[in-house]
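Side chains are part of it too, since the values below use all heavy atoms of this structure and drop only hydrogens, waters and symmetry mates. A quick note: this is a predicted structure, and the numbers were derived from the prediction, not measured. The first residue in the sequence is number 1, and the count goes up from there.
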Amino acid sequence: MDNYRALTLDEIDVLERNNCWAEDWTRIRVAETFKPYSFHRVMFYGDIRLGSFDKQVEVSKGFFKHSGINDATLRNVTVGNDCLIEKVGNYINNYTIGNDCYISNICTLETTDDATYGEGSVISVLNEMGDGNVTLFRELNSQVASFMVKHYQDKALRQTLQQLIEDELRVTRPERGLIGNNVKIINAKDITNTIIKGDCEISGAARLSECTVMSSKDASVFIGTGVICENSIICDGCSINNSVKMQDCFVGEACQITNGFTAEASLFFANSFMANGEACAAFCGPFSASHHKSSLLIGGEFSFYNAGSNTNFSNHAYKMGPLHYGTLERGTKTASGAYVLMPATIGAFSVCFGKLMHHPDTRNLPFSYLMAYGETMYIVPGRNITTVGLYRDIKKWPKRDKRSKQSRKSIINFDWLSPFTVGEIMEGRKILEALRRASGDNVSTYNFHEYVINASSLRKGLKYYDIALRIYMGAVLKRAQKEGFFGKPESTVGEGKWNDLSGLLLPESEELRIIDDIKDGTIDNIQQLLDRFSEINDNYSQYRWAWSYQMILDYYGLEEITEADAERIHQDYVRARRAWIAEIRKDAEKEYAMGDVEQKVYEDFLGKLDHEIDYEN
C-alpha cells in the first residue's frame with residue numbers, strides 16, 4: 001500500500017485516550033480508511049505505517065477478535081490491513097508486516113544492522129571439520145547443493161559460483177525483516193532478523209534468528225513449540241516442531257523435523273523426515289528419513305534413505321505391511337566418496353561398515369545385501385531386485401511426494417531403472433562374469449576383495465541382473481515408440497556415463513558442460529543454472545534413449561533395431577517382467593510364512609502382483 005496520510009488531530013486524541021503514545025505523531029502515516037478505535041496501550045517510535053483495521057480475526061476455531069493493536073511497542077514498523085497484534089512483551093522493531101496477520105504473546109520481533117536472514121553463509125557438509133562447501137540461499141535445491149559439494153575442489157568453479165550467489169543476494173536481500181500475509185505468530189519468544197513468507201504459522205517457538213521461512217498459501221510452514229532455529233532457511237510446506245534445535249541448516253520443501261531432533265551444518269531436501277536423532281554435516285537428499293534417538297547422521301550423503309537406530313542403518317529386508325519405510329537407497333555416500341552398495345538394502349543382518357568402506361568398488365554390485373557371519377562378510381548380489389520391499393518402494397515414492405506443484409525446487413527422478421542404475425547393473429554383471437571365468441563353475445564360493453560370494457548367490461545375481469536389464473530395455477523401447485524416439489537417436493547427448501545429482505539423473509557430459517558454461521560466463525546468474533538443471537530433466541527421455549539405443553545394440557548384437565528386433569525385445573521384456581513378479585511373489589510368500597503379515601495384507605499384495613500383467617503392453 002503506497003497511499004498514506006497523516007493522522008488527524010481527532011485520531012490522535014482517540015489514540016491518546018486509549019493510552020497510546022508516540023515519540024512523534026507526525027511520523028505516523030496511516031491508510032485513507034484508517035480508524036483509531038481498536039488501538040490500546042500502544043507506544044510508537046520512529047516511522048510507523050498503519051493500514052486499515054476493519055475485519056474480525058479468527059484467533060481460534062470459532063473465536064473472533066477485532067483487528068487492531070493492543071499492548072505493544074512499535075519502532076519503525078509497517079503494519080498491513082486487518083492485522084491483530086497484541087501482548088508484545090518487549091517490542092517490534094524494524095519490520096514490515098503484511099495483511100491479515102495475527103501476532104500475539106510474543107517477546108521480541110526485530111531486525112538489527114547487517115541482517116542476513118540466513119542467506120550467504122557457507123557451511124561444510126560431508127566433512128564437519130572441513131572448509132565450507134555449500135552456500136545457503138533461498139533458491140538452493142538438491143541439485144545445486146550436490147553440484148557444489150561434488151566439484152568443491154575446482155577452485156575456479158567454486159569462486160565463480162559463489163560470486164553468482166552473492167550477486168543474487170545483493171539484489172534480493174531486503175533492508176529489513178518481512179512478515180507476509182496471513183501469518184500467525186503466537187506464544188513465541190525472540191524472532192530476530194527473520195523473513196517469514198505468507199501463510200506461515202509459528203506457535204510456541206523459542207527463538208528464530210537469521211532465518212528465512214519460505215511459506216506459501218498452497219504449501220504453508222508450521223514452526224512449533226520449543227523450536228530454536230538459527231542461521232537457517234526453511235522452505236515451503238515444512239513442519240518444524242517439538243523442541244527441534246537447528247543451526248546453519250537448509251530445510252527443503254515438505255520436510256518434517258520433529259521430536260527433539262538436533263541439526264548443525266546440514267541439508268535436508270524434499271520430503272525428508274527427521275525425528276529424535278541428530279545430524280551434523282549431513283547431506284540428506286530427497287526422501288531421507290531418520291526416526292530413532294540413537295541415530296547420528298554425520299558426514300554422509302543420503303538419498304531415498306531410511307536410517308535405523310545405532311548401527312542398524314537400514315530397513316528390514318522383508319516388509320509387506322504399512323511399517324515398511326523403504327529400501328531403495330540411491331545415494332548413500334560417506335565423506336570419502338565411498339558408496340554403500342548403492343543402490344542397496346543393507347540391513348536385517350549385522351553389518352560391518354568399516355570393512356565396507358575400504359573398497360568403493362563394492363558400489364559396482366548394486367541392489368545387493370551385505371551380511372556378516374562372524375568375521376566373514378558375504379555379498380548377495382542383486383538380491384534386492386526381487387524383494388517385496390523394492391517393489392513397494394517403486395510404487396510408493398511418487399505417491400509420497402507431498403510438495404505442492406508450485407513448490408518443487410528440487411528435481412526428483414523416480415525411475416528405479418535408468419541409465420544411472422542400469423549402468424551400475426551392467427558393471428555388476430561384468431564383475432560376476434569375470435569372477436566365474438576366473439574360478440570356474442566347480443567352486444562353492446568366490447572372493448571379491450575380502451568379501452565372499454556363494455556360488456548359488458553368484459548364479460542368482462547374474463539371473464536377477466539380466467531380468468532387470470531386459471525389463472529396462474523393453475520398457476525404454478516401448479516409451480521411445482510412444483514418444484516418437486524409435487530409431488537411431490538424432491543426438492549423441494546421453495551416451496556414456498550417467499550421474500545422480502541428488503535426484504536429477506543426467507549424462508555426465510551435460511554436467512561437465514555446466515561446469516564449462518559457469519566458468520566461461522555462458523551461465524552468468526543463479527536462475528540460469530536452475531533453468532539448465534530443469535532443461536536437462538525435461539530432456540531426460542531423449543538422453544535416456546541415446547544411451548539405451550547403443551546398449552540394446554550391444555546386448556543383442558545388432559547394427560540397428562528393426563521392427564522384428566523390437567518385437568523380440570518386447571517378448572524378452574514380458575518374460576523378464578513375469579519372472580520378476582514370480583520372484584517377488586516368492587518373497588511375499590516367504591514373509592507371510594514367517595507370520596509377520598496379516599492374511600488380508602498378504603492377499604491384497606498378491607492382487608497387485610496379479611495386475612502387473614496390465615502393464616506389459
Side-chain angles (χ1 to χ4, degrees), residues 1-60 63-106 108-111 115 117 172 174-186 188 191 194-202 213 215-217 220:
M1 183 173 57
D2 298 323
N3 298 321
Y4 291 99
R5 61 172 175 81
L7 288 167
T8 66
L9 292 177
D10 288 341
E11 289 169 339
I12 293 173
D13 183 59
V14 170
L15 291 168
E16 288 181 334
R17 281 191 281 112
N18 287 347
N19 293 318
C20 297
W21 174 90
E23 183 182 39
D24 184 348
W25 290 110
T26 65
R27 295 177 68 180
I28 299 177
R29 311 289 290 179
V30 297
E32 289 293 337
T33 56
F34 173 83
K35 299 180 182 64
Y37 305 105
S38 53
F39 287 68
H40 304 84
R41 299 170 300 281
V42 184
M43 302 185 73
F44 298 106
Y45 292 83
D47 295 313
I48 303 293
R49 300 289 181 269
L50 302 173
S52 59
F53 297 80
D54 302 317
K55 295 181 181 178
Q56 299 285 323
V57 175
E58 188 173 25
V59 299
S60 186
F63 179 16
F64 291 84
K65 298 174 73 173
H66 197 281
S67 58
I69 304 179
N70 306 293
D71 301 298
T73 299
L74 277 60
R75 175 180 179 271
N76 296 336
V77 174
T78 294
V79 181
N81 297 326
D82 302 307
C83 294
L84 175 57
I85 300 174
E86 59 184 5
K87 304 297 181 185
V88 178
N90 201 356
Y91 52 75
I92 300 176
N93 180 28
N94 292 328
Y95 252 89
T96 297
I97 300 170
N99 303 323
D100 302 294
C101 292
Y102 175 41
I103 300 174
S104 176
N105 195 32
I106 68 167
T108 303
L109 179 61
E110 179 175 31
T111 308
Y117 314 107
T172 60
E175 294 183 359
R176 66 183 186 183
L178 302 173
I179 306 292
N181 299 331
N182 301 297
V183 171
K184 181 177 183 179
I185 306 175
I186 60 172
I191 300 177
T194 295
I195 294 172
I196 303 170
K197 295 288 187 176
D199 297 276
C200 174
E201 179 176 348
I202 299 174
V213 183
S215 185
S216 59
K217 188 171 184 179
S220 60

Check the surroundings of atom CZ in F64: do more than 12 heavy atoms from other residues, nucleotides or ligands lie under 6.0 Å from it? yes

Heavy atoms only: give me the nearest G80-C83 pair and the separation to one decimal. O-SG, 4.0 Å

If we only count heavy atoms from C-beta on, is the R176 to T78 side-chain gap below 4.5 Å? yes

Minimum heavy-atom distance between Y95 and L178, given as atom pair plus value: CE2-N, 3.6 Å

Answer yes or no: is there an ion pair linking R41 with D71, defined by an N-O contact shorter than 4.0 Å? yes

The reported gap from CD1 in I185 to OG1 in T194 (rounded to nearest 0.5 angstrom) is 9.0 Å

Donor on one side chain, acceptor on other, T111 and N94, under 3.5 Å: no

Within this structure, what is the CD1-CD1 distance for the pair I191 and I106, rounded to the nearest 0.5 Å? 6.0 Å

Does the plane of the ring in F39 sit parallel, tilted or perpendicular to the ring in F44? Use 30° and 60° as the thresholds. tilted

Side chains of Y45 and N93 in contact at under 4.5 Å (non-hydrogen atoms): no

Hey, does E11 have a side-chain heavy atom less than 4.5 Å from the side chain of F34? yes

Would you mind reporting whether L15 and L7 have side-chain heavy atoms less than 4.5 Å apart? yes

With rounding to the nearest 0.5 angstrom, report the CD1 to CE distance, I69 to M43. 14.0 Å

Would a 4.5 Å heavy-atom cut-off, applied to side chains only, mark V88 and T73 as touching? no

V59 vs S104 side-chain heavy atoms within contact, under 4.5 Å: no

Distance from I97 atom CD1 to R49 atom CZ, nearest 0.5 Å? 14.5 Å

Just so I know, are the side chains of K55 and D100 near enough to count as touching, which here means a heavy-atom distance under 4.5 Å? yes

